A.B. asks: 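After the structure tokens below, expect a handful of questions from me.
All values reported here derive from a predicted model rather than from experimental measurement.
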Amino acid sequence: MNKVGFFRSIQLKFIIIYILLLLLAMQVIGTFFMKELEDELLLNYTESINERMDLLSYNLEQAFNRERSEDGEGLTLLQEVQQIVNDTSIDTAVTNIQVINNQGRIIGTNDPNYQRDIGKKTSLDLIENALFFNSFKEDIMLDEESQERVYVQALPLYDNEGTVVGVVYAKAPIQTVYDQLNEINDLFIQGSILAISVSAFLGILVARTITKPIMAMRKQAQTMAKGDFTQKVNVYGKDEIGQLAETFNDLNSRLKHSYATIEEERRKLSSVLSNMSDGVIAIDNTGMITLANESAGRLIGQNPDEIIGDYLLDVLQIEDRIVDITELQDSGSMIIDFSEDDEPFLIRANFSTVFDDEEEITGFIAVISDVTEQERVEQERREFVSNVSHELRTPLTTMKSYIEALSDGAWQDKEIAPRFLSVAQDETDRMIRMVNDLLQLSKLDADEYPMHKERTEFINYFHQVIDRLEMNIPERLSFNRELPNGRYYVWIDKDKITQVLDNIISNAIKYSPEGGEIRLKVEYKRHFLLISVHDEGIGIAYDKLDKIFERFYRADKARSRKLGGTGLGLAITKELVEAHHGKIWAKSKEGKGTTILFTLPLMNQKRRGGR
């Protein structure tokens with residue numbers, strides 16, 4: 001955040017408001033004071049003029065009302081009026097007095113400049129109004145000669161009968177009053193400027209006392225915005241700003257606690273997301289990805305940081321199944337196929353909707369998981385049920401046919417009845433073997449099949465197994481033993497490994513041609529024995545080698561059923577070898593025979609000596 005300049009700061013605003021209020025107050029006070037002062041000065045000036053004009057008008061009225069002799073003795077009216085005007089002290093230096101009779105002619109004046117106008121008729125409106133309308137008139141006007149303000153008045157003169165016999169006109173310069181007001185106004189302005197300057201300085205100090213805590217809180221807020229909650233704001237008093245500072249410090253403490261809690265939860269969430277085996281993708285309401293954990297990146301084969309901002313439907317390749325992102329709300333869960341070439345890879349995506357406080361959709365959460373193995377197991381389960389049903393249906397159908405034939409009377413035929421009963425018994429034995437094999441596989445899958453392991457010298461043990469089987473093989477076949485002369489000890493359940501060897505060697509016998517040789521070989525490796533059984537049969541196609549250990553799988557189904565196989569022998573063999581911590585696999589070429597190989601761990605020296 002940029003630093004606030006002085007001319008944009010709240011401190012300057014406080015100062016300007018303070019000065020404007022002061023100016024407004026001084027303007028109001030100054031206007032009222034000057035108006036009252038002007039009225040008072042003008043009143044005093046006009047009252048001093050009026051007092052003397054009253055005395056003058058009284059003397060002039062006496063002169064106008066005095067009776068005069070016809071013999072010419074005594075003063076004439078003009079002489080007496082002129083004498084009265086001259087004797088009247090109204091500051092003759094600044095005041096002009098004229099006396100006009102009822103005919104509008106000047107009969108006396110104290111101004112030497114107007115002596116030549118005596119006897120002339122005046123045309124002043126103020127005097128005419130006083131003569132004809134019998135009213136006292138006064139005014140302040142601009143003198144045409146001096147261009148200064150003057151005070152004028154026309155005072156009617158009455159005889160004993162109340163008739164206007166003349167007018168006394170006075171003109172006095174009043175400019176001195178206004179000059180005095182201007183001087184006072186200048187002093188007031190100078191004082192105001194001085195007061196404003198002092199007030200501005202005081203305003204800065206006052207504003208600083210207000211803005212300093214605010215600036216400190218602003219600085220602390222910026223520090224808090226960066227995640228630092230260690231500092232506190234100084235409290236300078238108990239006023240509103242002091243209470244604000246205390247509240248701010250309390251807010252800082254609460255935010256610190258909340259931030260720590262949020263940060264802890266964020267770390268927990270980040271740890272959970274990072275260590276989840278399932279992928280988590282967060283999407284906004286437009287369908288753009290806002291968050292993806294590492295597991296999501298691994299599952300979809302992209303860097304989780306690089307898909308931020310990408311469209312979810314494009315990333316998950318489901319744009320052909322979902323047109324609008326809002327359809328995710330109702331989609332729930334779906335399986336997405338990411339398989340490439342012959343490598344199956346299936347992902348399950350579960351979608352949930354995120355709502356705000358107003359129940360508006362703000363985004364979606366997609367949880368994706370690898371369900372390839374789960375789907376494979378489910379597919380195997382379905383195939384297993386189908387295979388079991390198929391395998392049981394064949395002998396049951398055969399038995400049903402023969403039993404129906406016996407029921408229809410074939411039991412009385414001494415040649416046919418024993419043969420039919422023999423077939424039914426064979427099929428029954430086959431079903432019993434199949435059920436037993438299934439039970440054994442079920443126990444192996446559930447780790448409930450008991451193992452009675454013991455220390456066994458494998459070469460002698462293998463010779464015994466071969467000797468037992470060699471006694472019952474057809475004359476057309478032969479065994480070729482390639483066994484070392486040493487003594488090699490293994491930790492095995494002899495019955496279970498015997499079952500393994502019986503299954504493998506029996507299959508070799510079944511599929512070997514006449515005159516074929518079965519090679520039985522044991523090789524010593526550093527930590528284990530490698531046992532292999534090779535026949536010279538028809539062989540197995542390369543793409544089917546991995547499937548021969550699956551349940552109910554037969555490379556040659558017709559021949560296997562003919563030979564009485566259940567399709568579970570090698571599946572049980574694999575489970576038993578793995579239960580002994582060994583591995584089993586097959587090698588084969590079509591037309592050149594098949595080799596089944598498996599390993600058994602050797603007992604180490606310490607354990608061998610201990611036993």
A.B. asks: Hey, does the side chain of Thr31 reach the backbone of Val28 with a donor-acceptor pair shorter than 3.5 angstrom?
C.D. replies: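 A pair under 3.5 Å: no.
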
A.B. asks: Going by salt bridge (charged side-chain N to carboxylate O under 4.0 Å, His left out), name the residues that satisfy it together with Glu246, two or more places apart in sequence or in a different chain.
C.D. replies: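 Residues passing salt bridge (charged side-chain N to carboxylate O under 4.0 Å, His left out) with Glu246: Lys238.
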
A.B. asks: Looking at Gln27, I'd like to know if its CD atom is crowded, meaning that more than 12 non-hydrogen atoms belonging to other residues, nucleotides or ligands lie closer than 6.0 Å.
C.D. replies: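 No, not enclosed.
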
A.B. asks: Got a list of side-chain donor-acceptor pairs under 3.5 Å for residues 290-304, not counting sequence neighbours?
C.D. replies:
unit_1 : atom_1 : unit_2 : atom_2 : d
Thr290 : OG1    : Ala282 : O      : 3.2
Asn293 : OD1    : Val280 : N      : 2.9
Asn293 : OD1    : Ala296 : N      : 3.0
Asn293 : ND2    : Leu273 : O      : 2.8
Asn293 : ND2    : Asp278 : O      : 3.3
Ser295 : OG     : Met276 : O      : 2.3
Ser295 : OG     : Arg298 : NH2    : 3.0
Asn303 : OD1    : Asp305 : N      : 2.9

A.B. asks: Does NZ in Lys121 sit with more than 12 non-hydrogen atoms of other residues, nucleotides or ligands closer than 6.0 Å?
C.D. replies: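 Atom NZ in Lys121 is not crowded, with 12 or fewer foreign heavy atoms closer than 6.0 Å.
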
A.B. asks: Among all residues two or more places apart in sequence or in another chain, which pass the side-chain hydrogen bond (donor to acceptor under 3.5 Å, both in side chains) test with Thr247?
C.D. replies: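 For Thr247, no residue satisfies side-chain hydrogen bond (donor to acceptor under 3.5 Å, both in side chains) once neighbours in sequence are set aside.
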
A.B. asks: For Ile97 versus Asn110, what's the shortest heavy-atom pair and its separation?
C.D. replies: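 In terms of heavy atoms, the two residues are closest at N-OD1, 2.8 Å.
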
A.B. asks: How many angstroms lie between atom CD1 of Ile368 and atom CZ of Arg348, to the nearest 0.5 angstrom?
C.D. replies: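 Interatomic distance, Ile368 CD1 to Arg348 CZ, rounded to 0.5 Å: 13.0 Å.
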
A.B. asks: With sequence neighbours excluded, give me every salt bridge (Lys or Arg N to Asp or Glu O under 4.0 Å) pair touching residues 349-365.
C.D. replies: none

A.B. asks: Taking all non-hydrogen atoms of both residues into account, name the closest pair between Pro156 and Ala130 and its distance.
C.D. replies: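 For Pro156 versus Ala130, the nearest heavy atoms are CG-O, 4.0 Å.
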
A.B. asks: Mind checking the CG-CZ spacing from Leu55 to Arg52? Nearest 0.5 Å is all I need.
C.D. replies: 9.5 Å

A.B. asks: Quick one: do Gln82 and Ile118 satisfy side-chain contact (heavy atoms from CB on, under 4.5 Å)? Show the steps, please.
C.D. replies: CA-CA 10 Å; Gln82 187 63 44; Ile118 294 177; 3.8 Å; yes

A.B. asks: Report the distance from atom CG of Leu126 to atom OH of Tyr169, rounding to the nearest 0.5 Å.
C.D. replies: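 Going from CG on Leu126 over to OH on Tyr169, the span is 6.5 Å.
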
A.B. asks: Can you name the residues that form a salt bridge (charged side-chain N to carboxylate O under 4.0 Å, His left out) with Arg116, not counting sequence neighbours?
C.D. replies: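 Checked Arg116 against salt bridge (charged side-chain N to carboxylate O under 4.0 Å, His left out); zero matches.
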
A.B. asks: Is there side-chain contact between Thr362 and Asn285, with heavy atoms separated by less than 4.5 Å?
C.D. replies: no

A.B. asks: Counting only heavy atoms not in Glu161 (residues, nucleotides, ligands), do more than 12 fall under 6.0 Å from its CD?
C.D. replies: no

A.B. asks: For Asn275, what residues pass the side-chain hydrogen bond (donor to acceptor under 3.5 Å, both in side chains) criterion, not counting sequence neighbours?
C.D. replies: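 Applying side-chain hydrogen bond (donor to acceptor under 3.5 Å, both in side chains) to Asn275 gives Ser271.
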
A.B. asks: With sequence neighbours left out, what residues match Glu61 under side-chain hydrogen bond (donor to acceptor under 3.5 Å, both in side chains)?
C.D. replies: none

A.B. asks: Specify the closest pair of heavy atoms between Ser253 and Lys232, including all atoms of both residues, with the distance to one decimal.
C.D. replies: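 Taking every non-hydrogen atom into account, OG-NZ, 2.6 Å.
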
A.B. asks: For residues 241-289, which residue pairs qualify under ring pair (Phe, Tyr, Trp, His ring centres under 6.0 Å), counting only residues two or more places apart or in two chains?
C.D. replies: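 Pairs touching residues 241-289 that pass the test: Phe229-Tyr259.
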
A.B. asks: Not counting sequence neighbours, which residues clear side-chain hydrogen bond (donor to acceptor under 3.5 Å, both in side chains) with Glu128? List them please.
C.D. replies: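 Applying side-chain hydrogen bond (donor to acceptor under 3.5 Å, both in side chains) to Glu128 gives none.
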
A.B. asks: Tell me whether Glu138 contacts the main-chain N or O of Ala154 through its side chain, where contact means a donor paired with an acceptor under 3.5 Å.
C.D. replies: no

A.B. asks: Measure the shortest side-chain to side-chain distance between Thr46 and Gln153 over non-hydrogen atoms and say whether it is less than 4.5 angstrom.
C.D. replies: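 No. Closest side-chain heavy atoms not under 4.5 Å.
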
A.B. asks: For Glu263, is there an ion pair with Arg266 - N to carboxylate O distance below 4.0 angstrom?
C.D. replies: yes

A.B. asks: Shortest non-hydrogen contact from Tyr45 to Pro173?
C.D. replies: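 Residues Tyr45 and Pro173, closest heavy atoms: OH-O, 2.7 Å.
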
A.B. asks: Would you name the heavy atoms of Val233 and Ala245 that are closest together and state the gap between them?
C.D. replies: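 It is CG1-CB, 4.1 Å.
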
A.B. asks: What pairs of donor and acceptor atoms, side-chain ones from residues 186-203 against any protein atom, are under 3.5 angstrom apart with sequence neighbours left out?
C.D. replies:
unit_1 : atom_1 : unit_2 : atom_2 : d
Ser192 : OG     : Phe188 : O      : 2.8
Ser197 : OG     : Ile193 : O      : 2.9
Ser199 : OG     : Ala195 : O      : 2.6

A.B. asks: In the structure I gave you, are the side-chain heavy atoms of Leu42 and Tyr178 within less than 4.5 Å of one another anywhere?
C.D. replies: yes

A.B. asks: Just by modelled atom types, is the Gln175 backbone N or O under 3.5 Å from a matching donor or acceptor in the Arg149 side chain?
C.D. replies: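 No, the answer is negative, given that no donor and acceptor are paired below the 3.5 Å cut-off.
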
A.B. asks: For a 4.5 angstrom cut-off between non-hydrogen side-chain atoms, does Thr109 reach Val85?
C.D. replies: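 No, side chains not in contact.
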
A.B. asks: Of all the heavy-atom pairs spanning Ile49 and Tyr151, show the shortest one and how long it is.
C.D. replies: CG2-CE2, 4.1 Å

A.B. asks: Please name all residues satisfying salt bridge (charged side-chain N to carboxylate O under 4.0 Å, His left out) with Lys219, sequence neighbours left out, ordered by chain then number.
C.D. replies: none

A.B. asks: Test Val164 against every option in Leu131, Asn101, Asn102 by the side chain to side chain contact (heavy atoms under 4.5 Å, CB included) rule and name the one that passes.
C.D. replies: Leu131

A.B. asks: Could you tell me the separation between the CD1 atom of Ile281 and the CZ atom of Phe364, rounded to the nearest 0.5 Å?
C.D. replies: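 Rounded to the nearest 0.5 Å, the CD1-CZ separation comes to 14.0 Å.
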
A.B. asks: Can a donor-acceptor pair be found, under 3.5 Å and without considering hydrogens, that links the side chain of Asn129 to the backbone of Asp125?
C.D. replies: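 Confirmed, Asn129 side chain pairs with Asp125 backbone.
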
A.B. asks: Between atom CZ of Phe64 and atom OG1 of Thr163, what is the distance when rounded to the nearest 0.5 Å?
C.D. replies: 13.0 Å

A.B. asks: Does anything in residues 25-40 form a salt bridge (Lys or Arg N to Asp or Glu O under 4.0 Å)? List the pairs, not counting sequence neighbours.
C.D. replies: Lys35-Asp39

A.B. asks: Look up atom CD1 in Ile365 and atom CG in Asn350, then write down how far apart they are to the nearest 0.5 Å.
C.D. replies: 12.5 Å

